[in-house]
Amino acid sequence: MRVLVTGAAGFIGSQVADLLADDGHEVVALDALLPQAHGGELPQWARRHAPVIGDVRDPDLLDRLLPGIDAVCHQAAMVGHGLDPSDAPGYASHNDYGTAVLLAAMHRAGVRRLVLASSMVVYGEGRYECDRHGPVRPAPRRLADLAVGRYDPTCPRCSGALTPVLVPEDAPLEPRSTYAASKLAQEHLAAAWARQTGAGVWALRYHNVYGPRMPRDTPYAGVASIFRSALTSGLPPQVLEDGRQRRDFVHVTDVARANLLALTTPPPEPLTPVNVCSGEPRSVGDLAAALAAAMAGPAPLVVGGARAADVRHVVADPRRATELLGYTARVRFAEGIAALATDPLREPAALPV
């Protein structure tokens, strides 16, 4: 199979490109080298596929690259929490407009297979149950509650405590950040394209991805990278809230394998979303403590507070990925975090000016 991988020099995209090539597929690599993710020279690991340096928003470039392509693996995106709402035009341009340009070019070239890198952020808060009222959708957390250390959402009907449960793919979608809104828009654009063309799309909703090649020293990086940067500098990782907020940390090699499985498996619906996760939920405090121990660094410092777009618990239900793709994560949390202590990361990225 001949596959166009966008974002092929990036953290996840480079791992996908390597795995595809190792499996015998021909990779056409494209990357814009956004300064938020890339610093210094193109990393050695990205040179293997001789990436075309260009922008997915360039229709002429896509028209040159797409003829003869069997499938597209769309990893290119502006990611992370970012700085503040001034990032919104960048997210909309790179993620949403870029996806629209790509889909239009795929239509012109007759390419009908797409694997889209989506995200767990489309869910907003995770799924909760109330002892009295069953499954409920909690209201957004109030700043006044966060300020006094009340971090867990409550039942909107009785104000009682809620129990977080696994989040399936049919859960309500309620993005809470600009990045999250842009990822949901990507899914909607791809679904519309699929219905109009008879194409098929897998929307892989990545959970908290970590591992080698993560960007470091940038607000656009994931929390694992931020913690490691602190520990490398001899500082304790600073954990927001009380550290008990739960996530699913999934290793990047497992994410790459999910992409390979999706590229070689027809989706049952025009757009089929699946959680790509480890199935091994952990707290952010667990992550910080495990990484500090692996790096023989100072213990984490729980500092309270919360970012406005943060949610409390998002823990994925892994069953659909297993049933439809045959995907089950292989890298266990303890093993992956121990390796992260010495994994090669990207050079410090440049920030926008």
Side-chain angles (χ1 to χ4, degrees), residues 81 118-188 191 203-209 223 239-250 268-269 271-288 302-324 327-329 333:
H81 270 279
S118 187
S119 172
M120 45 74 76
V121 295
V122 301
Y123 297 120
E125 276 290 352
R127 192 171 191 176
Y128 295 84
E129 291 183 353
C130 172
D131 288 342
R132 292 178 59 191
H133 299 108
V136 296
R137 191 69 177 164
R141 297 186 296 171
R142 299 185 307 166
L143 293 178
D145 287 335
L146 298 176
V148 296
R150 289 194 293 265
Y151 300 116
D152 285 298
T154 56
C155 177
R157 298 175 62 184
C158 68
S159 298
L162 297 177
T163 301
V165 295
L166 298 180
V167 181
E169 288 82 356
D170 61 358
L173 305 180
E174 191 178 358
R176 299 288 179 90
S177 69
T178 304
Y179 169 61
S182 75
K183 297 307 288 184
L184 182 54
Q186 283 185 304
E187 287 197 18
H188 288 322
L204 303 184
R205 291 177 180 164
Y206 303 157
H207 285 252
N208 291 71
V209 188
V223 66
V239 181
L240 296 180
E241 303 187 18
D242 57 6
R244 296 190 181 97
Q245 59 271 40
R246 296 169 75 235
R247 300 289 188 270
D248 186 302
F249 298 99
V250 57
E269 302 292 338
L271 183 138
T272 302
V274 292
N275 289 322
V276 177
C277 60
S278 71
E280 189 181 1
R282 296 281 182 160
S283 73
V284 174
D286 289 340
L287 170 68
V302 177
V303 298
R307 295 176 295 190
D310 278 347
V311 297
R312 182 59 172 169
H313 303 294
V314 185
V315 176
D317 187 335
R319 287 177 294 182
R320 181 184 287 188
T322 301
E323 293 168 358
L324 298 184
Y327 164 84
T328 302
F333 178 82

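All values below were derived from every heavy atom in this structure, side-chain atoms included, with hydrogens, water molecules and symmetry-related copies excluded. Worth saying up front: this structure is predicted, and the values here are computed from it rather than measured.
- Side-chain N or O atoms of Glu125 include one that pairs as donor or acceptor with a backbone N or O of Arg312 at under 3.5 Å.
- Closest approach of Thr154 to Ser159, counting heavy atoms only: CB-O, 3.7 Å.
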**Q.** Worked verdict on Val303 versus Leu240 for side-chain contact (heavy atoms from CB on, under 4.5 Å)
**A.** CA-CA 5 Å; Val303 298; Leu240 296 180; 3.8 Å; yes

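- Between the side chain of Glu169 and the backbone N or O of Asn275 there is at least one donor-acceptor pair closer than 3.5 Å.
- Residues passing the salt bridge (charged side-chain N to carboxylate O under 4.0 Å, His left out) test with Arg205 are Glu187, sequence neighbours excluded.
- Counting all heavy atoms, side chain and backbone alike, Val250 lies closest to Cys277 at CG2-C, 3.7 Å.
- Contact of the Tyr123 side chain with the Leu173 side chain is registered, since non-hydrogen atoms from C-beta on lie closer than 4.5 Å.
- The structure places NE2 of His207 at 14.5 Å from CD of Glu280, a figure rounded to the nearest 0.5 Å.
- Counting non-hydrogen atoms of neighbouring residues, nucleotides and ligands closer than 6.0 angstrom, the CZ atom of Arg320 exceeds 12 such neighbours.
- Looking at every heavy atom in both residues, Asp242 comes nearest to Tyr151 through N-CE1, 3.7 Å.
- Using a 4.0 Å cut-off between a side-chain N of Lys or Arg and a carboxylate O of Asp or Glu, Asp286 and Arg247 do not qualify as a salt bridge.
- For the pair Leu287 and Arg282, the minimum side-chain heavy-atom distance is 4.5 Å or more.
- To the nearest 0.5 Å, atom NZ of residue Lys183 and atom OG1 of residue Thr178 are 14.0 Å apart.
- Side-chain atoms of Cys130 and Cys158, non-hydrogen and from C-beta on, do get closer than 4.5 Å to each other.
- Smallest separation of non-hydrogen atoms from Glu241 and Val311: OE2-O, 4.5 Å.
- A 4.5 Å side-chain heavy-atom check between His313 and Asp152 finds at least one atom pair inside the cut-off.
- Residues Ala180 and Ser177 share a closest heavy-atom pair of N-OG, 3.0 Å.
- One N or O on the side chain of Gln245 and one on the backbone of Gly243 form a donor-acceptor pair closer than 3.5 Å.
- The salt bridge (Lys or Arg N to Asp or Glu O under 4.0 Å) pairs that include a residue from residues 129-140 are Arg137-Glu174, where partners are two or more places apart or lie in different chains.
- By the 4.5 Å heavy-atom criterion applied to side chains, Pro168 and Arg127 are counted as neighbours.
- Glu269 pairs by the side chain to side chain contact (heavy atoms under 4.5 Å, CB included) definition with Thr272, not counting sequence neighbours.
- Of all non-hydrogen atoms in Leu162 and Val136, the two that sit nearest each other are CD2-CG2, 3.5 Å.
- Residues Tyr327 and Leu204 have side chains not in contact (no heavy-atom distance under 4.5 Å, counting atoms from C-beta outward).
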